[in-house]
Amino acid sequence: MPTKSAPDKTLAKILATIRAVPRGEVAGYGEIARRAGLPGRARMVARILSGNEDKQLPWHRILRSDGSIAFPKDSAYYSEQIQRLRAEGVNVVNGKVRGRKTAATMDEILWAPPEETKASKKEGVKKAKS
DNA sequence: CGACTGACGGTCG
DNA sequence: ACGACCGCCAGTC
């Protein structure tokens, strides 16, 4: 194996970070790299994933920074990734993943955390709890 | 050693 | 919202 590439340590770190992504969650390439302590190595993460063979690896949870699928729509992986994500309860629309940022449903808005409390300035939007 | 490439990211028109 | 451009990093030719 001629290519020695990055130290196995780095590789392991990245893989570990990817595996650390909880089910039903998604993360960007750059995000993974950054979490792994490798800022600016987004492409390296992509390279690793491109050559991965580990089925255990939740590669489908890795998307672009804008939340879109990294594959062209005509790619087989494209649909597969979306299916896997949906299987985990992730909302995917038009090749893009809807994180909690985009409040798709009204429920999401009403149930949203006090972060965007701007809504609270309205009338009696009392916050509810589970 | 230099050019090309890629499951990227951010900016600009 | 979308595509064109440019910048980055590591690997391959």
Side-chain angles (χ1 to χ4, degrees):
Chain A
M1 25 107 76
T3 65
K4 93 157 114 114
S5 30
D8 297 347
K9 198 184 232 165
T10 303
L11 176 61
K13 183 72 176 174
I14 293 177
L15 291 176
T17 306
I18 295 174
R19 294 196 186 93
V21 178
R23 178 179 174 283
E25 265 304 318
V26 294
Y29 295 88
E31 193 178 337
I32 293 297
R34 197 157 56 76
R35 284 187 191 177
L38 302 164
R41 274 66 176 180
R43 294 194 100 137
M44 187 164 73
V45 175
R47 175 165 260 299
I48 292 172
L49 281 168
S50 66
N52 87 73
E53 300 174 3
D54 192 340
K55 285 188 168 308
Q56 308 270 333
L57 196 67
W59 58 271
H60 53 278
R61 298 184 192 145
I62 312 303
L63 324 161
R64 286 198 188 174
S65 61
D66 60 352
S68 60
I69 302 297
F71 296 104
K73 295 189 176 180
D74 55 345
S75 174
Y77 292 106
Y78 176 83
S79 55
E80 182 176 344
Q81 182 167 15
I82 291 179
Q83 285 181 43
R84 287 189 175 221
L85 286 173
R86 283 179 176 163
E88 294 186 352
V90 178
N91 190 353
V92 185
V93 177
N94 190 17
K96 285 195 176 175
V97 170
R98 289 234 193 186
R100 325 178 185 148
K101 308 172 59 169
T102 52
T105 67
M106 286 312 199
D107 305 296
E108 291 287 351
I109 298 174
L110 295 176
W111 286 74
E115 199 166 66
E116 44 278 89
T117 329
K118 45 188 160 185
S120 66
K121 77 178 194 162
K122 272 179 62 177
E123 48 249 74
V125 179
K126 52 182 71 174
K127 51 186 308 181
K129 237 3 186 70
S130 79

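Letters A, B, ... are given to chains in the order of the sequence lines, protein chains preceding strands, and every chain is numbered from 1.
- When the options A:V92, A:V90, A:V97 are evaluated for a side-chain contact (heavy atoms from CB on, under 4.5 Å) with A:L63, the one that passes is A:V97.
- Heavy atoms only, all atoms of each residue included: A:I32 and A:T17 are closest at O-CG2, 3.6 Å.
- If you take CD1 of A:I32 and P of B:dA7, they are 17 Å apart, rounded to a whole angstrom.
- Side chain to side chain, A:Q83 and A:H60 fail the donor-acceptor criterion of an N or O pair below 3.5 Å.
- Contacts between residues 58-87 of chain A and DNA chain C, defined by a heavy-atom separation under 4.0 Å, are absent.
- Remark: the backbone N or O of A:W59 is not paired with any side-chain donor or acceptor of A:R61 at under 3.5 angstrom.
- Between the side chains of A:N91 and A:K96, no donor-acceptor pair of N or O atoms lies under 3.5 Å.
- At whole-Å resolution of the value, CG in A:L49 and P in B:dA7 are 10 Å apart.
- Checked against C:dT12, C:dC2, B:dA7, the side chain of A:N52 finds its nearest nucleotide in B:dA7.
- Between A:R43 and B:dA7 there is no side-chain polar atom (N or O) within less than 4.0 angstrom of OP1 or OP2.
- Remark: side-chain polar atoms of A:D54 are paired, donor with acceptor, to backbone N or O of A:Q56 under 3.5 angstrom.
- Across A:A70 and A:Y29, no two heavy atoms sit closer than the pair CB-OH, 3.2 Å.
- For the side-chain contact (heavy atoms from CB on, under 4.5 Å) criterion with A:I69, the lone passing option out of A:N94, A:I62, A:I82 is A:I82.
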Verdict with supporting geometry, A:I18 and A:I48, side chain to side chain contact (heavy atoms under 4.5 Å, CB included)
CA-CA 11 Å; A:I18 295 174; A:I48 292 172; 5.5 Å; no
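- Heavy-atom neighbours of A:R84 CZ from other residues, nucleotides or ligands within 6.0 Å: above the threshold of 12.
- Of all the residues in residues 10-20 of chain A, not one reaches under 4.0 Å from DNA chain C with any non-hydrogen atom.
- Side-chain atoms of A:E80 do not come within 3.5 Å of backbone N or O of A:Y77 as any donor-acceptor pair.
- Atom CG in A:L38 sits roughly 14 Å away from atom C1' in B:dC8 (whole-Å rounding).
- Atom-to-atom, CD1 of A:I48 to C1' of B:dG6 comes out at 13 Å; the value is rounded to the nearest Å.
- Remark on DNA chain C: of its neighbouring residues A:R41 and A:K96, the 5'-side contact belongs to A:K96, judged by nearest-heavy-atom nucleotide.
- With a cut-off of 3.5 Å on both pairing distances, the Watson-Crick and G-U wobble pairs of DNA chain B assemble into stems of 3 or more at B:2-6 with C:9-13, B:8-13 with C:2-7.
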